[in-house]
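All ligand and atom numbering here is 1-based and tracks the order in the structure. Heavy-atom basis, side chains included; hydrogens, waters and symmetry copies ignored.
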Amino acid sequence: MAIIRNGIALTMFLTLHGALGFGSISRHAAIGAASRRHLITAFSTAEAAAASSASEKKDGPIKNDQAYANLKMEEIVSLCKRRGIIFPSSEIYNGFAGFFDYGPLGSELKRNVKDAFWKAFVHEREDVVGIDSSIIHNPTTWKSSGHLDGFSDPMVDCRETKLRYRADQLYCSPVVLEECGSTVGFVCVLEGNDEDMVKEAKAQANRLLKEKEKKGAIQPFQFKDLTQVTEEEMAQIPSPGSNKPTLTMPRDFNLMFQTNVGAMQDASSVAYLRPETAQGIFINYKNVLASSRIKLPFGIAQIGKAFRNEITPRNFIFRSREFEQMEIEYFIPPGDEDVWKPYHEKWIADSKAFLEQVGLREELMGYDVHEGDGLAHYARACTDITFKFPFGVQELMGIAARGDFDLKSHSEGSGKVLDYFDEETKEKFIPHVIEPSLGVDRLILALICSAYAEDEINGEKRSYLSFHPSIAPVKVAVLPLVKNKEPLVKAARELYEKLKKRWNVQWDQTGAIGRRYRRADEVGVPFCVTVDFETIESDGAVTVRDRDSTEQVRIPMDEVVPYLSKMIDGY
Ligand code: ATP
C-alpha cells in the first residue's frame with residue numbers, strides 16, 4: 001500500500017486486534033511426530049547414551065509458557081548480534097540509525113523467507129509470475145503514483161532538543177483529577193505496548209501532580225495521537241525530549257530518499273530510491289502482459305529493496321530506512337463488491353496460510369480492518385494481518401483492494417494505454433487490483449520472536465529458536481561424538497558432505513555433545529545428527545535429534561537424506 005499510512009487506531013490502537021485473533025491450529029510438529037514414530041529405535045552405544053543422557057532427560061523438556069509474555073526486545077537484539085543473525089549497520093563507525101546488516105545466519109534466514117514466499121505465491125501458482133525491476137525508476141513514476149505529493153508522515157519537532165517525532169506515534173492524554181474533574185496538564189508518551197505506555201504516563205502524571213502541588217486520584221488516561229490535537233492543547237503537551245511544551249504542530253514530511261542521476265546535480269537530475277516495490281510492477285504491467293501467456297485474473301510478484309526516510313526508525317528491524325518488500329499486484333476484472341471482495345478475502349486467507357506455513361504462531365496474529373479515515377480515498381478495502389511483537393500489536397502485512405487507481409494513474413501520467421483486452425467478451429478495460437504487501441525484515445522479526453522459546457531439561461534452563469525447518473538458517477548440524485577417532489570423524493564428514501549438497505548444514509566437533517546441542521538450539525537448527533562408535537563398529541546408523549522435543553531416533557546412514565527431506569521439505 002502506498003499513500004495512506006496513518007489514520008487508523010487513533011485512540012488506543014490495540015482494541016481491534018485481540019478480538020479478531022485467529023483460533024489455534026497444529027503446525028509441522030504433527031507430521032514430524034508421525035514420521036518419527038516408526039523410526040525410533042534404542043539409542044544404544046554406551047558412549048552415545050552417556051553423552052545424551054548427561055544433558056537431556058528421557059521424559060523431555062518442561063516448557064516455560066510465560067517465555068513470550070516476558071520476552072524483551074533487548075534479548076532478541078542481543079541474540080541476533082551474538083549469533084550472527086543481524087548487526088547494526090556500520091557499527092565500527094558507531095552505527096547508522098535505521099540501517100541493519102544481516103550476518104551469516106541472518107542472510108540464510110532472509111534467503112529462506114524470500115524463497116518460501118516465491119515458492120508459495122509464484123512457483124506453486126499458475127496465475128502469478130515474477131519480475132525484478134530496477135530500484136530507481138523514471139521520476140515521473142512517483143508523480144503519477146501520488147508519492148511525490150502524498151507519501152509523507154506527520155512530523156513534530158521539539159524546538160528545544162531539535163529531536164523529531166512522528167506525530168502519529170506520540171500519544172498524549174490530559175491528566176484529570178477524579179474528584180473535581182479539573183485538568184492539571186498533559187502527559188505525552190511514545191507508542192508502545194499498553195502496559196509500557198500506561199506505566200510511563202503514570203510516572204509523568206505523578207511528576208505533574210507534584211509540580212502543581214495537587215493531590216488525589218486521576219481519571220483513566222484518554223490517549224490520542226498528536227495528529228489529533230489542537231494548537232491550544234499542543235501548547236500544554238510536554239515534549240518527550242525537554243519535558244516542556246516545546247513541540248511544533250505536525251507537518252508533512254516526505255519519506256522518499258532523493259538522489260541525482262547523471263553528471264548534473266540540479267533539479268533536472270533528481271530521482272528517488274523506490275519507497276515500495278509495487279510501482280515497479282505497475283510500470284511493467286504492459287510488458288508482462290505482452291510477453292507472457294497469462295490471462296485475467298493474474299498476478300505479478302516482486303521481491304526487493306525499498307527505502308523510506310522514516311522520521312523515527314525504531315524497534316530494531318521493524319521500522320528501518322532500508323528494507324525489503326514482497327509484493328504482489330493481482331489484477332482482476334473491474335466491478336463492484338461482488339467482484340473484488342471474493343478475491344480480496346481469498347488473498348487474506350492465502351496470506352495468513354503462508355504466514356502459518358513459515359511458522360508464525362497463530363495466537364500471535366490478528367486482523368486490523370481499515371475503515372473510514374484509515375482507508376485511502378481510492379481503496380475499496382484494506383486488511384492488515386497484525387503480529388503481537390514484544391513492543392505491541394503492529395501491522396505485519398497489508399492486503400488492499402485498490403480498484404484501478406494505479407494503472408489508471410500511470411496510463412494518464414505516461415500517455416500509454418494500459419488496458420486489458422478480454423478475448424471472450426471482446427471488451428477493453430483497465431483491470432482492478434488486489435495488493436498483498438509484506439515486509440521481509442518485519443516478517444523475519446516476527447519469525448524470530450514467534451520462534452523464541454524457553455524450557456528446562458534436567459533442571460537446566462534452555463532458550464532456543466523453534467524455527468520451522470523450511471526457514472531455519474541451518475537445517476542440520478552434523479556432530480561426530482568425538483573428534484579424535486579417525487574412522488568416526490571420517491564417517492561423519494562423509495555424511496556432512498552429502499547433506500551439504502541439499503541443505504545449509506553445520507559441522508561441529510568441539511565440546512561436549514550437550515553443549516553442541518545447545519549451540520545449535522539457540523539458533524534454531526531443527527536437527528542434530530550424531531555419528532558415534534556404534535555407527536562405525538556395528539549398526540551403520542546415526543542418531544537424529546529433534547530440537548524441540550529433544551527426542552532422538554536411530555536411522556541407518558542411507559536413510560538420513562530421505563528422512564530429513566521429509567522433515568525439512570515435507571516430501
Ligand atoms: P507502517 O504503517 O508500519 O509504516 P505502511 O502501512 O506504511 O506501514 P506499507 O506501505 O503498506 O506499510 O508497506 C507494506 C509492508 O512493508 C508493511 O506491511 C511492512 O511489512 C513493510 N514495511 C513498511 N515500512 C517499513 C519499514 N520502514 N521497515 C520495515 N518494513 C516496512
Practice task
Say whether Glu276 and ligand 1 are in contact under the criterion: heavy-atom distance to a ligand atom below 4.0 Å.
Solution key: no

Problem - Heteroatom distance test (Gly439, ligand 1): nitrogen or oxygen, under 3.5 angstrom - result: yes

Exercise for the section: Would you mind finding which of Met326, Arg166, Arg442 brings a heavy atom closest to atom 3 (O) of ligand 1? Expected result: Arg442

Problem - Exam field: side chain Asp225 to backbone Thr227, donor-acceptor pair closer than 3.5 Å - result: yes

Handout entry: Atom indices of ligand 1 within 4.0 angstrom of Met397 heavy atoms, with elements
Key = 18 (O)

Practice task
Please lay out, stage by stage, how Glu233 and Lys224 fare under the test salt bridge (charged side-chain N to carboxylate O under 4.0 Å, His left out).
Solution key: CA-CA 11 Å; Glu233 285 170 325; Lys224 62 180 176 183; 3.1 Å; yes

Practice task
Applying side chain to side chain contact (heavy atoms under 4.5 Å, CB included) between Phe323 and each of Lys305, Arg308, Arg442, report the one that passes.
Solution key: Arg308

Completion exercise
Nearest non-hydrogen contact to atom 27 (N) of ligand 1 from the set Glu310, Gln169, Arg308 belongs to Glu310

Handout entry: Contact with ligand 1 for Leu396, non-hydrogen, under 4.0 angstrom
Key = yes

Handout entry: Ring-face cation of Lys110 near Tyr102 (centre distance under 6.0 Å, axis angle within 45°)
Key = yes

Handout entry: Nearest non-hydrogen partners of Ala97 and Arg321, listed with the distance
Key = O-NH1, 3.1 Å

Fill in the blank from the handout: Near Gln325 (heavy-atom distance under 4.0 Å), the atoms of ligand 1 are 13 (O), 14 (C), 15 (C), 16 (O)

Problem - Over all atoms of both residues, closest heavy-atom pair of Trp340 and Gly335 - result: CD1-O, 3.6 Å

